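Numbers restart at 1 for each chain; the letters A, B, ... are given by sequence-line order, proteins then strands. Everything numeric here is computed off the predicted structure, so don't read it as measured data.
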Amino acid sequence: MITEFLTWLRFLILRKKNSELDDELRFHLEQSIAAKVAAGLSASDARRQALIEFGGVETTREQCDRQRPGWWAGIISQDVRYAMRSILAHRWFSAAIVATLALGIGLNTMVFTLVNAVLLKPVPVPNGDRLVSVMERNLVHDVGSVPLSYPDFQDYRKQAKLFDFFEAVTQEAGVLSEQGNPPQQYQLDRATAGMFSMVQTNAFLGRPLLPGDEQPGAAPVVVLAYNVWQERYAGLPGIIGRQVHVSGQSATIVGVMPKDFRFPHGVDLWMPLVPTPDLAKRDNRILQCYAILKPGVTPRKAGAELDGISNRLTSQFPEDKGLGVSVLTFQQRFNGGRIRTAFLLMLAAVGFVLLIACADVANMMLSRSLNRQREMSIRTALGASRWRIVRQLLIESVLLSTLGGLLGLGLAEGSIHWFDLATTGIRPDWVQFTMNFPVFGYFAALCVLSGLLFGIAPALRSSKTSVFDVLKDRAHSVGSHRGAWLSSALVVFQFALTLVLLTGAGIFIHSLLDRLAVNPFIPASQVTTARLHLPEERYKDNEARIHFFDQLLLRLRSMPGVRHAAIASGAPGMGAANEQIELEHLPIANPVQRPWISFVAQFPGYFDTIHLPLLQGRDFNETEGTSKHEAAVLTRDAAARLWPGQNPIGKRFRLFDDKNKPTPWITVIGISANMVQEAWDDNPKPLLFVPYRQEGWDNMALVVESGADPLQSMRQAVQSLDGELPLSEPFRLKDAIEQQIWFLRIFGKVFLTFALIAMLMASVGIYAVIAHATNSRTQEIGVRIALGATVSNILLLVMRRGLWQVAVGLAVGLAAAFPQARVMASIGLRSDPVIFCSVAFMMASVGVFACWLPARRAAGLDPVKAIRYE
Amino acid sequence: MPTSTDLLQGTLDLLILQTLALEPMHGWGIAQRIQQVSKDVLQIGQGSLYPALYRLEYKGWIKAEWGNSENNRRAKFYRLTAAGRKQLQSEVETWDRLSSAVSLILGRTVEASR
């Protein structure tokens, strides 16, 4: 076997000389003649007869060549060289094709890189392909991610056999403080000690958490993320061993993790998960679990094993009733829903762009195939088979698409970088937008497939020529009608797809503008917000909190440059609490049927700060909110929904908290303008405002309107009252709104870019087809003009076909755009008939213009020149 | 008279290998030898002979060397390699099995028709 392989290899590389075979054949012929002479023939007869017997030498030579291993490589390389020559010979034509394909393939590679990172690629940690997220799920309400309790976690961990690691964390906000350093709020994860060995990561400085740390009574320790070490401690090397306070509890810094390590995600501080009596309750669900599957175990199989354990737990413990378990990859857990749909939509959209590009290129090649028929006919006449010609042309197409693809790879690299920057701080840190082998595979497949896709029809057309027709006739008059329906179909297809893309982009932009126009009365660029949490240990009751906030308000208002300041449970547009409501004299017996409302608890002056106009009634006074003086202000919309057609001032209602306990009766004292508080809720609940005294929370938002940046003075104001209190989530309201709509802004931009590129390609496509068709009808048009056809006759003649294509394309596209709008509605993007109309109108005008250009030229032809046109 | 194209697929290879098993030979010699031994039944034209020789050489079963012919002309001589000898043996076995199977069937057909 080995010697045979080596022989094969030797002949694969080395070629025999042609002259060897010639010598051998000559010898054969001479022997044959000699034999015949010996048999008694005359020399010339012997020679003649031997030659007849001998037959053709050329076929033998070809046959011998074909025995060589890898002989076809020579043929292919010949084809490639020929294709290269042909590409270079039509430089501008080829450049147009390569540029079109570079856009198509480049954008597809980019989007696939993103989709791969968001939905497919394993998390970039060791054994990331076996890393899963384990949560419970509520079987009754079909909620997919319910945290686990500590006892549940331990039962799963002990009984499960299909996991190498099974770890858990809690996520909370942790305040890091120490002498001489202002307190700061961070993302704190309390983790089981195996969390670090699970992802095989050691500390950059000091040590990670160790099993000894989670023993009850162990000395409390904290591990810092690299960014905290850099930002808070300026990379101080002697940080290990320092005593700090974490949320009021003292702890020792024992380690700093390597740069960019934030596992599971976005963590700043890690502390050991030490069992406490509170943690030991089976209904205290605060744990998220992460696990490494044993090699070869699928998440589904592992899920089945945990289901069995979960069934036992459910039957054993009443707290676990109605709970199942779910084992998902990171992508499935954290990038589901809206994100997944948006990325898949993007992949579909960019696929459309490539299809449009291919249609464009196919049309260009089709129009040239008419000019190439002469070349192909000659090759056929010289003995090339149809398959050989088709193969040759396909090699040319694939070569073109590969050139385009390589150019597009640079484009992809650039746009991935843009997307990476645009989503920094928004995307989870384990999503890394980089290319990997699947991406390159996808890229290579795209190059080959798109080459075949746009190349096959023109190749078949070019090769299907009758030698006689072409050689005796003028090339352009043959086949010009055969090609017509195909290029028309391609144009219709392009217009339909472009319309779908433009509608998609339109829906994104419509939603974006919608969101930006929310709450127009608020001067969002002047308003700064930050949240403040009063720890229960130091602020035990409502009185203490009211006292603190009243004092803080005075200090905020006295800050220089501050026009208004207020404190509310949620900054405008940043969400609200929900409770069930019951109106006086309208009791509802079944608690499930009570309607829900949203509310914001606030301190006096809030309406002025956000410039919310009061339409009726008045603002709260100082006594309202105290016992027996419960009051509320409703938005106009809420009033109309709760008391339709009545004057709501003076009406009373009460709210029910999550333990179904009613508040005292609350009187409506005012009606405000409408306002959006829950930006992402498609079906917002009626919104009302209550005084803080009525609903005393420990976590409030400070809202300050100021020309300058007041954040520094806000911090000082807070810390002059309590040095241990950090401000969290500080934002200009405008930026906060931006943060909420990043999704719309980025995807809107992406979709708009795709749609505009598609529109450009489609209009170039229709222009090229009409112009080419017109060109080949120059003589006919000349005759018509000579016979008295008017300008409008000619315009109509030329444009008729194009206008039909545009009309059909738009109709098909509109039909396809409706299901798309439905998919987009499922992720909260409302569409509007205006979008469909304006997009259709835009496409129609572009199409008509693209047809009109060649038509105008045709109408202006000089009949004498046109008739002589070759 | 059957020409080489009528030969069973692969039979030509077998014939060449068998012929070369005796001594190294040039192409003309191989064709002549096959014709003589088969009593003029099998005549191999150059159009089949040389592609077959090239095929066998590319497979490493025979090896070509330039030498001088009987009448002192330069000619290419083919000889069997060790791999070729092994191949010949297995092809002969296959042939024997095949031909005895075919003759079994033919024999039965002949008897049935009587």
Side-chain angles (χ1 to χ4, degrees), chain A residues 1-39 43 46-75, chain B residues 1 3-5 10 12-13 16-17 24-36 40 43-88 90:
Chain A
M1 276 322 279
I2 289 178
T3 50
E4 281 172 35
F5 175 74
L6 288 177
T7 319
W8 180 84
L9 205 63
R10 178 159 63 94
F11 286 117
L12 186 66
I13 296 158
L14 300 174
R15 296 188 79 131
K16 286 171 166 266
K17 275 183 286 186
N18 278 338
S19 60
E20 269 193 36
L21 182 64
D22 288 347
D23 287 350
E24 210 175 352
L25 288 174
R26 197 176 304 123
F27 174 75
H28 192 105
L29 185 62
E30 280 167 14
Q31 292 291 319
S32 174
I33 295 169
K36 290 195 193 315
V37 171
R47 186 174 179 78
R48 200 170 58 85
Q49 213 169 343
L51 274 174
I52 293 171
E53 269 176 31
F54 203 71
V57 177
E58 207 43 44
T59 17
T60 310
R61 192 174 285 150
E62 202 170 304
Q63 284 297 320
C64 286
D65 248 6
R66 287 198 172 200
Q67 306 303 329
R68 198 170 82 86
W71 62 275
W72 43 266
I75 307 282
Chain B
M1 186 171 59
T3 59
S4 60
T5 47
L12 181 58
D13 291 5
I16 294 173
L17 289 176
M25 247 179 247
H26 47 65
W28 168 256
I30 296 169
Q32 288 305 107
R33 174 67 59 83
I34 290 174
Q35 194 173 343
Q36 278 165 20
D40 285 351
Q43 292 189 13
I44 315 289
Q46 54 89 18
S48 332
L49 177 66
Y50 288 99
L53 283 172
Y54 271 62
R55 178 166 61 245
L56 296 175
E57 187 182 355
Y58 287 135
K59 287 193 174 159
W61 293 335
I62 61 177
K63 210 170 159 60
E65 273 152 14
W66 288 96
N68 285 330
S69 71
E70 313 80 69
N71 44 13
N72 228 9
R73 283 271 283 105
R74 234 170 78 80
K76 206 169 172 189
F77 282 78
Y78 294 92
R79 67 175 172 77
L80 215 54
T81 63
R85 210 166 286 281
K86 235 187 275 167
Q87 177 68 16
L88 173 63
S90 83

Report task. Provide the closest heavy-atom pair for A:His28 versus B:Tyr50 in the form atom of the first, atom of the second, distance. Result -> ND1-OH, 2.8 Å
Report task. Measure B:Thr81 against the heavy atoms of chain A and call it side chain, backbone, both or neither at under 4.5 Å. Result -> neither
Query raised in the report: So, for A:Ala35 and B:Trp28, which heavy atoms are closest and what is the spacing to 0.1 Å?
Result: CB-CZ2, 3.8 Å
Requested in this report: To the nearest 0.5 angstrom, please state how far the CZ atom of A:Arg26 sits from the CG atom of A:Leu21.
Outcome: 10.5 Å
Query raised in the report: Relative to chain B, which segment of A:Glu30 carries a heavy atom at a distance below 4.5 Å: side chain, backbone, both, or neither?
Result: side chain
Query raised in the report: If you tally heavy-atom pairs under 4.5 Å against chain A, which of B:Arg73, B:Gln46, B:Arg74 wins?
Result: B:Gln46
Report task. Side chain from CB out, backbone as N, CA, C, O: work out which of these in A:Ala34 comes under 4.5 Å of a heavy atom of chain B, or both, or neither. Result -> neither
Report summary line: Note: B:His26 and B:Lys76 closest approach over all heavy atoms is CB-O, 3.0 Å
